[in-house]
Amino acid sequence: QVQLVESGGGLVQAGGSLRLSCAVSGSRFSGYDMAWYRQTPGKEREWVAVIGSGGTTNYADSVKGRFTISRDNAKNTVYLQVNSLKPEDTAVYYCNAPFDFQAPMALLRFPWGQGTQVTVSS
């Protein structure tokens with residue numbers, strides 16, 4: 001059974017940086033597109049960034065230029081470097097594997113993990 005384990009969140013001041021990690025166990029990680037999502041209380045989960053199995057990336061407009069997604073297939077891990085953080089980036093961040101790189105909010109491969117909390121103070 002596939003498990004997604006997110007880590008690396010924390011409390012940072014506006015303008016700060018974090019590196020989020022998502023370890024994926026029990027799957028053919030290298031063959032999957034992977035994506036990061038985030039959710040705040042009372043709001044729908046939203047897509048943040050996606051990376052294809054070949055390394056192509058795409059980002060939501062709200063994070064473009066500030067966030068960078070990457071992957072290490074040898075470690076079955078996907079990363080999200082988050083820079084120039086803003087209070088509105090405060091959320092629980094999750095990873096998952098969309099079936100369609102072009103539609104990362106559509107059908108997903110795995111159950112959600114526990115996420116990692118990012119809190120940005122102003």
So which atom in L108 and which in P98 form the shortest heavy-atom distance, rounded to 0.1 Å?
CD2-CA, 3.6 Å
In chain order, what residues pass the salt bridge (Lys or Arg N to Asp or Glu O under 4.0 Å) check against R66, with sequence neighbours excluded?
D89
F99: hydrophobic cluster co-members (side-chain, 4.5 Å)
L107
Any donor-acceptor pair under 3.5 Å from T77 side chain to K75 backbone
yes
Which side-chain hydrogen bond (donor to acceptor under 3.5 Å, both in side chains) pairs, counting each pair once, include a residue from residues 39-49, with sequence neighbours left out?
R38-E46
Strictly distance-based, threshold 3.5 Å: is any side-chain N or O of D33 a donor or acceptor partner for the main-chain N or O of S53?
yes
Residue pairs meeting side-chain hydrogen bond (donor to acceptor under 3.5 Å, both in side chains), one or both in residues 4-22, sequence neighbours left out, come to S17-N83
Whether R71 side chain and N76 backbone form a donor-acceptor pair below 3.5 Å:
no
Around Q3, counting heavy atoms of other residues, nucleotides and ligands shown, do more than 12 lie under 6.0 Å from its CD?
no
Can a donor-acceptor pair be found between the side chains of Q117 and T119 at a distance below 3.5 Å?
yes
Between S122 and P87 the two heavy atoms that sit nearest each other are CB-CG, 3.8 Å
For V48, the hydrophobic cluster (side chain heavy atoms closer than 4.5 Å, chained through members) also holds V2, L4, V12, L18, L20, V24, F29, Y32, M34, W36, I51, Y59, V63, F67, I69, V78, L80, V82, L85, Y93, F110, V118, V120
Residue pairs passing the disulfide bond (SG atoms under 2.5 Å apart) test with at least one member in residues 13-101, sequence neighbours excluded, are C22-C95
